[in-house]
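Worth saying up front: this structure is predicted, and the values here are computed from it rather than measured.
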Amino acid sequence: MLATDKISNAFKAIVEEAEKISKDATAEDVLKVAKTIISIAKHQNDIRGAEGGHCTSKCACHS
């Protein structure tokens, strides 16, 4: 996959994750979405398909 495609998919994933936050979302839901968005942004790739929805490297995105 081309780097531009990876980044484009990452931006789409960020938007999709951000759209999950609704007015009645709990603080726990918002924190989970925020961590996923941070991981996607750090890796510039849609990591949601990775095991457990976490990044595959040891970058501490979800610690």
Side-chain angles (χ1 to χ4, degrees):
M1 179 183 294
L2 294 173
T4 53
D5 291 337
K6 258 176 75 173
I7 294 171
S8 176
N9 288 339
F11 275 108
K12 288 176 189 173
I14 288 171
V15 170
E16 289 171 4
E17 287 298 309
E19 288 174 340
K20 289 181 181 178
I21 301 172
S22 64
K23 292 179 184 177
D24 57 346
T26 65
E28 187 176 311
D29 293 337
V30 173
L31 182 59
K32 183 179 177 182
V33 169
K35 286 182 176 185
T36 302
I37 289 171
I38 290 167
S39 293
I40 293 168
K42 279 187 176 184
H43 297 283
Q44 297 176 356
N45 192 12
D46 184 358
I47 53 82
R48 296 177 297 174
E51 183 180 326
H54 295 79
C55 23
T56 55
S57 67
K58 295 181 180 182
C59 70
C61 288
H62 289 269
S63 55

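- For K20, the salt bridge (charged side-chain N to carboxylate O under 4.0 Å, His left out) criterion is met by E17, not counting sequence neighbours.
- Although no hydrogens or angles enter the test, the distance criterion places a donor-acceptor pair under 3.5 Å between the side chain of D46 and the main chain of R48.
- Taking A10 as the reference, I40 meet the side chain to side chain contact (heavy atoms under 4.5 Å, CB included) condition, with sequence neighbours excluded.
- Grouping Ile, Leu, Val, Met, Phe, Trp and Tyr by side-chain contacts under 4.5 Å, direct or through others, puts I7 with F11.
- For Q44, the side chain to side chain donor-acceptor pair (under 3.5 Å) criterion is met by no residue, not counting sequence neighbours.
- Atom CD1 of residue I37 and atom CD1 of residue I21 lie 5.5 Å apart, to the nearest 0.5 angstrom.
- Of the inter-residue distances, the one linking S8 atom OG with L2 atom CG reads 11.0 Å to the nearest 0.5 angstrom.
- A search for side chain to side chain donor-acceptor pair (under 3.5 Å) contacts involving T4 returns nothing, not counting sequence neighbours.
- N9 is not listed as a side-chain neighbour of K6, based on a closest heavy-atom distance of 4.5 Å or more.
- In summary, the side chains of D29 and T26 do present a donor paired with an acceptor at a separation below 3.5 Å, with no hydrogens or angles considered.
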